[in-house]
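To start, the structure under review is shown below, and the notes come after it.
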Amino acid sequence: MTSNELGTHKAKPCNVFVFCPTPVSKGGLCWSNDVWNHSYGECWLKHQAKPDKPEAGAYGPYPAGYRKKHPTTPEKVQWMSGSLASSPVVVDGAALALVTSI
C-alpha cells in the first residue's frame, strides 16, 4: 500500500466493507493480527476492483497451524463483510442474492 503524501493518487469509491458484529455481551472484540483492539460496531470501508467477486483475506475457521502460531486467535473469523455490487455477488463459486442496490 502506498501513501498519498504527494497528492498523486486519486481516491477510489468504497464498494466493500468489513464490520465487527461481536456484541459487548460476548466480549465486544473482533480479532485481527495487528496491535489494535477492534471493537463491536467498527466498520472499515474499502475498495476492490471487482466488488461482484470480492476477495477475503480470511473467513471461516482459522487453520490449527495459524492458531498455534498466534495463540490469541479465536476459532473462527469474527468479522463480517459485504459488497456494494450492482450484480449478484460470487464468493467461492456460489452466487449470493443481492441484498441492497444503490
Side-chain angles (χ1 to χ4, degrees):
M1 181 165 30
T2 60
S3 72
N4 196 23
E5 292 174 3
L6 301 177
T8 56
H9 298 286
K10 290 186 177 183
K12 295 181 180 179
C14 297
N15 57 14
V16 294
F17 68 88
V18 293
F19 174 75
C20 178
T22 308
V24 175
S25 64
K26 293 191 177 185
L29 296 175
C30 285
W31 190 87
S32 185
N33 190 12
D34 60 25
V35 299
W36 309 106
N37 283 327
H38 300 285
S39 57
Y40 171 76
E42 188 170 324
C43 185
W44 291 78
L45 300 174
K46 301 179 176 191
H47 174 82
Q48 288 195 7
K50 297 179 179 180
D52 57 331
K53 295 181 183 175
E55 297 177 24
Y59 54 91
Y62 285 104
Y66 188 86
R67 292 184 65 220
K68 185 174 181 179
K69 184 177 179 181
H70 305 282
T72 60
T73 307
E75 275 189 44
K76 295 181 180 180
V77 173
Q78 297 157 309
W79 295 91
M80 67 176 2
S81 60
S83 173
L84 302 175
S86 58
S87 59
V89 176
V90 176
V91 180
D92 288 341
L96 303 176
L98 183 64
V99 176
T100 306
S101 60
I102 298 175

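Along the sequence shown, residues are numbered consecutively beginning with 1. Not measured: the values here are computed from a predicted model.
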Other residues, nucleotides, ligands: >12 heavy atoms within 6.0 Å of Asn37 CG: no
Distance (rounded to the nearest 0.5 Å) between Phe19 CZ and Ser81 OG: 12.0 Å
Met80 and Val18, any side-chain heavy atoms less than 4.5 Å apart: no
His47 and Val16, any side-chain heavy atoms less than 4.5 Å apart: no
Tyr62 and Tyr66 aromatic ring geometry - parallel, tilted or perpendicular at 30°/60° bounds: parallel
Heavy-atom closest contact (Arg67 atom, Pro74 atom, distance): NE-O, 3.4 Å
Closest non-hydrogen atom pair between Leu84 and Cys14, with its separation: CD1-O, 4.1 Å
Partners passing side chain to side chain donor-acceptor pair (under 3.5 Å) against Trp31 (at least two apart in sequence or in another chain): Thr72
CG-CD distance between Leu29 and Gln78, expressed to the nearest 0.5 angstrom: 8.0 Å
Validation row: His70, Asn33 side chains within 4.5 angstrom (heavy atoms): yes
Separation of Asn15 CG from Leu45 CG (nearest 0.5 Å): 10.0 Å
Beyond-backbone contact of Tyr40 with Lys26, side-chain heavy atoms, under 4.5 angstrom: no
Pairs meeting criterion disulfide (SG to SG under 2.5 Å) with involvement of residues 30-71, two or more places apart: Cys20-Cys30
Taking every non-hydrogen atom, the tightest pair across Trp79 and Ser32: NE1-CB, 4.4 Å
side-chain contact (heavy atoms from CB on, under 4.5 Å) against Lys69, all qualifying residues, sequence neighbours excluded: none
Nearest-0.5 Å distance that lies between atom OG in Ser83 and atom NZ in Lys53: 12.5 Å
